[in-house]
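Have a look at the structure that comes next, please.
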Amino acid sequence: MKSLHLPEPDCFISYYVLPGEGPVHVYLPPLICPSTATLLQVATHPLFVDRAALLVDYLGCGLSDRPAAFSHTMRDHARTVAAILDHEHLGDCVVIGHSMGGTVGLYLALDRPDLVARLVMGESNLGPGGGDGTRRIAAFTLEEYVGTIAPGDLIALRQQAIDGDTSAAVMLAIREHGSDARAVHAASCDIVGLDESLLHRLLDLRIPRAFVYGGRTLDELGGRTTPDVPDRATLGAAGVATLVVESAGHYMYFDNLDGYVAALAAAGRIG
């Protein structure tokens with residue numbers, strides 16, 4: 001683990017560097033989740049084990065600080081990632097972001113194109129409205145969410161974990177010990193209120209881009225689109241590769257790790 005001091009807002013952000021061959025894979029996890037709890041299993045998968053990697057714990061989660069003054073907007077999270085990459089003297093990286101991480105990665109590519117040579121997004125928000133989870137969280141005031149809703153969610157997750165739901169057990173650990181509820185709420189509000197131009201800005205990017213879907217997600221939507229499940233034809237027409245991880249929902253690496261890593265590997269051969 002490494003820790004970088006950010007002068008504004010005077011805090012430390014933690015990240016992990018795995019040695020290997022380049023270009024470096026930069027892993028950006030979902031909504032205020034520690035990278036080791038979600039994407040470390042991807043970075044260390046046999047298909048990628050020789051690949052240099054960098055995994056980021058956003059401010060508000062993992063071993064990073066939880067500064068009260070930080071905005072938790074996607075653009076500001078992208079700026080903290082840029083600070084890490086600058087500090088490590090890295091550029092032209094392969095940025096792999098899941099859910100919120102893909103949106104952060106898109107802002108990074110837009111604001112600092114020198115840092116991103118390829119962008120891979122997994123069911124990431126490309127416009128306002130949010131997914132089911134962020135929309136639900138953002139519907140509450142900060143006080144309601146921190147004081148009542150988040151504690152109630154932990155009770156429900158704990159019971160699901162006791163009943164044998166392994167994904168609930170992981171999310172319980174993340175939310176109880178690895179994430180700051182205030183950060184989760186702030187990030188959710190920003191995701192729900194994203195700029196409507198974001199999809200078009202992705203389509204206009206001139207780097208290899210890929211978007212990864214969970215097969216179960218597509219089945220459940222039955223052809224409908226959402227801010228984090230955009231129309232495949234629209235993406236394809238702009239040169240964005242689309243890949244599907246079969247037998248997987250939103251958290252693809254929990255549902256089908258091998259399939260998810262295979263999709264990432266395929267994305268690296270496209271464009």
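On a predicted model such as this, the values are computed, not experimentally measured, just so you know.
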Going from OG on Ser64 to CG on Leu4, what distance comes out if it is rounded to the nearest 0.5 angstrom?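 It comes to 9.5 Å.
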Write down the atom of Ile207, the atom of Ala117, and the distance for their closest heavy-atom approach.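 For Ile207 and Ala117, the tightest heavy-atom pair comes out as CB-O, 3.7 Å.
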Any side-chain heavy-atom pair of Ser3 and Ser14 under 4.5 Å: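 Result yes, sub-4.5 Å side-chain heavy-atom pair found.
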Considering all heavy atoms of both residues, which atom of Ser179 and which atom of Pro34 are nearest to each other, and what is their separation? OG-CD, 4.3 Å
Can you give each donor-acceptor pair under 3.5 Å made by side-chain atoms of residues 164-173, sequence neighbours left out, with the distance rounded to 0.1 Å?
unit_1: Asp165; atom_1: OD1; unit_2: Ser167; atom_2: N; d: 3.1
unit_1: Asp165; atom_1: OD1; unit_2: Ala168; atom_2: N; d: 3.0

According to side chain to side chain donor-acceptor pair (under 3.5 Å), does anything in residues 32-41 pair up with another residue at least two apart or in another chain? List the pairs.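 Only Ser35-Asp57 qualify under side chain to side chain donor-acceptor pair (under 3.5 Å).
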With sequence neighbours left out, write down each residue that passes side chain to side chain contact (heavy atoms under 4.5 Å, CB included) with Cys11, or none if nothing qualifies. Leu6, Pro9, Leu59, Asp65, Pro67
Val81 reachable from Val95 in the ILVMFWY side-chain graph, under 4.5 Å edges: yes
Checking the side chain of Arg118 only, and the main-chain atoms of Ile270 only, is there a donor and an acceptor separated by less than 3.5 Å?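 Here the side-chain-to-backbone pair exists.
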Do you know which two heavy atoms are closest between Gly60 and Arg66, and how far apart they sit? CA-CG, 3.6 Å
For the pair Asp219 and Arg216, find out whether any cationic side-chain nitrogen is under 4.0 Å from an anionic carboxylate oxygen. no
Would you mind reporting whether Leu264 and Phe48 have side-chain heavy atoms less than 4.5 Å apart?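 A side-chain contact under 4.5 Å exists here.
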Between the side chain of Asp255 and the main-chain N/O of Gly249, is any donor-acceptor distance below 3.5 Å?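 Yes: the side chain of Asp255 pairs with the backbone of Gly249.
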In terms of hydrophobic clustering (I, L, V, M, F, W, Y; side-chain heavy atoms under 4.5 Å; direct or indirect links), are Leu47 and Val42 co-clustered? yes
Do the side chains of Asp180 and Arg182 get close enough for a salt bridge, i.e. N-O under 4.0 angstrom? no
Shared ILVMFWY cluster between Val192 and Met74, side chains joined below 4.5 angstrom?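 Different clusters.
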Within the 4.5 Å heavy-atom criterion, are Phe70 and Asp76 side-chain neighbours or not?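 Touching, per the 4.5 Å side-chain cut-off.
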Quick check: does any side chain N or O of Arg135 sit under 3.5 Å from a backbone N or O of Gly130, one acting as donor and the other as acceptor?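 Such a contact is found between Arg135 side chain and Gly130 backbone.
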Under the ring-ring contact (aromatic ring centres under 6.0 Å, His included) definition, can you give me all pairs with a residue in residues 176-228, not counting sequence neighbours? Tyr145-His185, Phe211-Tyr213
Kindly state each residue pair satisfying side chain to side chain donor-acceptor pair (under 3.5 Å) with at least one member in residues 87-96, sequence neighbours excluded.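 Of all non-adjacent pairs touching residues 87-96, those that pass side chain to side chain donor-acceptor pair (under 3.5 Å) are Lys2-Glu88, Tyr15-Glu88.
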Suppose the criterion is side chain to side chain donor-acceptor pair (under 3.5 Å): which pairs have a residue in residues 151-162, not counting sequence neighbours? Arg136-Asp153, Arg158-Glu176, Gln159-Asp163
Rounded distance [0.5 Å steps], OG in Ser188 versus CG in Asp190: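 Between Ser188 OG and Asp190 CG, I get 9.5 Å after rounding to 0.5 Å.
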Please report the shortest heavy-atom distance between His77 and Thr80, naming the atom on each side. O-OG1, 2.6 Å
Checking Leu205 against Val116 for the side-chain contact (heavy atoms from CB on, under 4.5 Å) test, could you report, in this order, the C-alpha distance in whole Å, the side-chain angles of both residues, the deciding distance, and whether it holds? CA-CA 11 Å; Leu205 272 179; Val116 183; over 6 Å; no
Can you name the ring pair (Phe, Tyr, Trp, His ring centres under 6.0 Å) partners of Tyr260, sequence neighbours left out? Tyr253
If every non-hydrogen atom of Gly259 is compared with every non-hydrogen atom of Asn256, which pair is closest and at what distance? N-OD1, 2.9 Å
Applying side chain to side chain contact (heavy atoms under 4.5 Å, CB included), name anything that partners Asp231, two or more places apart in sequence or on another chain. Thr225, Ala233, Thr234
Would you name the heavy atoms of Ala53 and Ala43 that are closest together and state the gap between them? CB-CB, 4.2 Å
Where do Arg201 and Asp204 land on the salt bridge (charged side-chain N to carboxylate O under 4.0 Å, His left out) test, with the steps shown first? CA-CA 5 Å; Arg201 299 183 73 186; Asp204 289 340; over 6 Å; no
Could you tell me which residues satisfy side chain to side chain contact (heavy atoms under 4.5 Å, CB included) with Val49, sequence neighbours excluded, listed by chain and number?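 Checked Val49 against side chain to side chain contact (heavy atoms under 4.5 Å, CB included); zero matches.
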Hey, could you give me the CG/CD1 distance between Asp132 and Ile137, rounded to the nearest 0.5 Å? 11.0 Å
May I ask you to test the Val94-Val24 pair for a side-chain heavy-atom distance under 4.5 Å?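 No, every pair of side-chain atoms sits at 4.5 Å or beyond.
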Report the residues that fulfil side chain to side chain contact (heavy atoms under 4.5 Å, CB included) with His5, sequence neighbours left out, ordered by chain and then residue number. Pro7, Asp10, Phe12
Using modelled atom types only, decide if a donor and an acceptor are shared between the side chain of Ser99 and the backbone of Pro30 within a distance under 3.5 Å. no
Expected output: side-chain Ser124 to main-chain Met121 donor-acceptor under 3.5 Å: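 Absent.
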Hydrophobic cluster identity match, Tyr251 and Met100, side-chain contacts under 4.5 Å: no
Side-chain atoms of residues 236-247: list all donor-acceptor pairs with protein atoms under 3.5 Å, sequence neighbours left out, distances to 0.1 Å.
unit_1: Thr242; atom_1: OG1; unit_2: Arg232; atom_2: NE; d: 3.2
unit_1: Thr242; atom_1: OG1; unit_2: Arg232; atom_2: NH2; d: 3.2

How many angstroms lie between OG1 in Thr226 and CD in Glu123, if you round to the nearest 0.5 Å?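 Atom-to-atom, Thr226:OG1 and Glu123:CD are 7.5 Å apart.
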To the nearest 0.5 Å, tell me how far Asp228 CG sits from His98 NE2. 9.0 Å
Result block: side-chain N/O donor-acceptor pairs under 3.5 angstrom for residues 101-110, not counting sequence neighbours:
unit_1: Thr103; atom_1: OG1; unit_2: Asn125; atom_2: N; d: 3.2
unit_1: Thr103; atom_1: OG1; unit_2: Asn125; atom_2: O; d: 2.9

If two hydrophobic side chains count as joined below 4.5 Å and joins carry through other members, does Val26 share a cluster with Ile32?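 Val26 and Ile32: one cluster.
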Arg175 side-chain N/O to Leu154 backbone N/O, donor-acceptor pair under 3.5 Å: no
Using 0.5 Å steps for rounding, measure from the CG atom of Leu39 to the CD1 atom of Ile96.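 It is 8.5 Å, given to the nearest 0.5 Å.
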